[in-house]
Novice: 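Take a look at this one; I'll ask things after.
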Amino acid sequence: MLKNKYRNKKSEYEGIIFDSKGERDRYIFLKRMESFGLIQDLKRQVTFKLFANEKLICKLIADFRYNKNNIDVVEDYKGLLTPVFRLKQKLFKANYGFDIKIVKNATEGF
C-alpha cells in the first residue's frame, strides 16, 4: 500500500471521500453552519483556472467555496503550505482579486 506523501489519511462521510480527516471535519462544520443559515451555497472541490499574461498556467482545486454575509469565500484546509500551493495562492489573488482562506482547524473562523 502506498503512503500519502503528506501523511494524510483518506476519510469518508456520507459517501464522500475526503483527502484528510481535517478536511472531512471542516466539511461537517461548514454543513452545520449552512444549516444554521450562517453561510449559503456551500460547494466542495471547486476548480479555478489560473492565468498569467492571458495564458492558462494551472488550475487550483479549492476544498470549499461558500457565501458568508454576501461575500464569496474560497478556502483550503491545509496542514502544510507547500511552495506549489503558495504560488497558486498568489496566482489566485492576481486572477480573482481576493485571498484564499487557509484553514488549519475544523472550527476556525466562526
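Just the heavy atoms: all of them, side chains too, but no hydrogens, waters or symmetry mates, feed the values below. Numbering of residues begins at 1 and proceeds along the displayed sequence.
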Novice: Walk me through whether R65 and D72 qualify under side chain to side chain contact (heavy atoms under 4.5 Å, CB included).
Specialist: CA-CA 7 Å; R65 181 180 192 168; D72 201 25; 2.6 Å; yes

Novice: Any chance NZ of K68 has more than 12 other-residue heavy atoms, nucleotides or ligands included, within less than 6.0 Å?
Specialist: yes

Novice: Closest heavy-atom contact between D99 and K93?
Specialist: OD1-CD, 2.9 Å

Novice: Measure the shortest side-chain to side-chain distance between Q45 and F64 over non-hydrogen atoms and say whether it is less than 4.5 angstrom.
Specialist: no

Novice: Just verifying a value: how many Å separate D19 CG and S11 OG, rounded to the nearest 0.5 Å?
Specialist: 10.5 Å

Novice: Return the CG to NZ distance between D76 and K88, rounded to the nearest 0.5 Å.
Specialist: 9.5 Å

Novice: Under 4.0 Å between a side-chain nitrogen and a carboxylate oxygen: does that hold for K43 and D41?
Specialist: yes

Novice: At what distance, to the nearest 0.5 angstrom, does CD of E23 lie from CZ of R26?
Specialist: 11.0 Å

Novice: If you count the non-hydrogen atoms of other residues, nucleotides and ligands that lie under 6.0 Å from CD1 in I16, is the total more than 12?
Specialist: yes

Novice: Of all the heavy-atom pairs spanning L91 and N95, show the shortest one and how long it is.
Specialist: O-ND2, 2.7 Å

Novice: Looking at every non-hydrogen atom in both residues, tell me the closest pair between G22 and A106 and how far apart they are.
Specialist: O-CB, 4.5 Å

Novice: Looking only at heavy atoms, what is the nearest atom pair of R24 and Y13, with distance?
Specialist: CG-CB, 3.8 Å

Novice: In the hydrophobic cluster built from side-chain contacts under 4.5 Å, what are the other members alongside F51?
Specialist: L56

Novice: For the CD1 atom of I28 and the NZ atom of K21, what is their distance to the nearest 0.5 Å?
Specialist: 12.0 Å

Novice: Side chain to side chain contact (heavy atoms under 4.5 Å, CB included) for I102 and L81? Distances and angles first, verdict last.
Specialist: CA-CA 9 Å; I102 306 302; L81 295 176; 3.9 Å; yes

Novice: Between D63 (side chain only) and Y77 (backbone N and O only), is there a donor and an acceptor less than 3.5 Å apart?
Specialist: yes

Novice: Quick check against the 3.5 Å criterion: does E12 have a side-chain atom that pairs as donor or acceptor with the backbone of I17?
Specialist: no

Novice: Assess K78 against F85: is NZ or CZ under 6.0 Å from the centre of the six-membered ring, and within 45 degrees of the ring's axis?
Specialist: yes

Novice: Within 45° of the six-membered ring axis of F18 and under 6.0 Å from that ring's centre, is NZ or CZ of R44 located there?
Specialist: yes

Novice: Which distance, rounded to the nearest 0.5 Å, do you find between the CG of L60 and the OH of Y96?
Specialist: 9.0 Å

Novice: Would you check, one step at a time, whether the test side chain to side chain contact (heavy atoms under 4.5 Å, CB included) holds for F98 with V74?
Specialist: CA-CA 9 Å; F98 64 98; V74 175; 3.8 Å; yes

Novice: Test of understanding: clusters of I, L, V, M, F, W, Y form through side-chain heavy atoms closer than 4.5 Å, transitively. Do F92 and I71 belong to the same one?
Specialist: no

Novice: To the nearest 0.5 angstrom, please state how far the CG atom of L42 sits from the CZ atom of R32.
Specialist: 13.5 Å

Novice: Determine, using the 4.5 Å side-chain heavy-atom cutoff (strictly less than), whether V103 and I100 are members of one ILVMFWY cluster.
Specialist: no

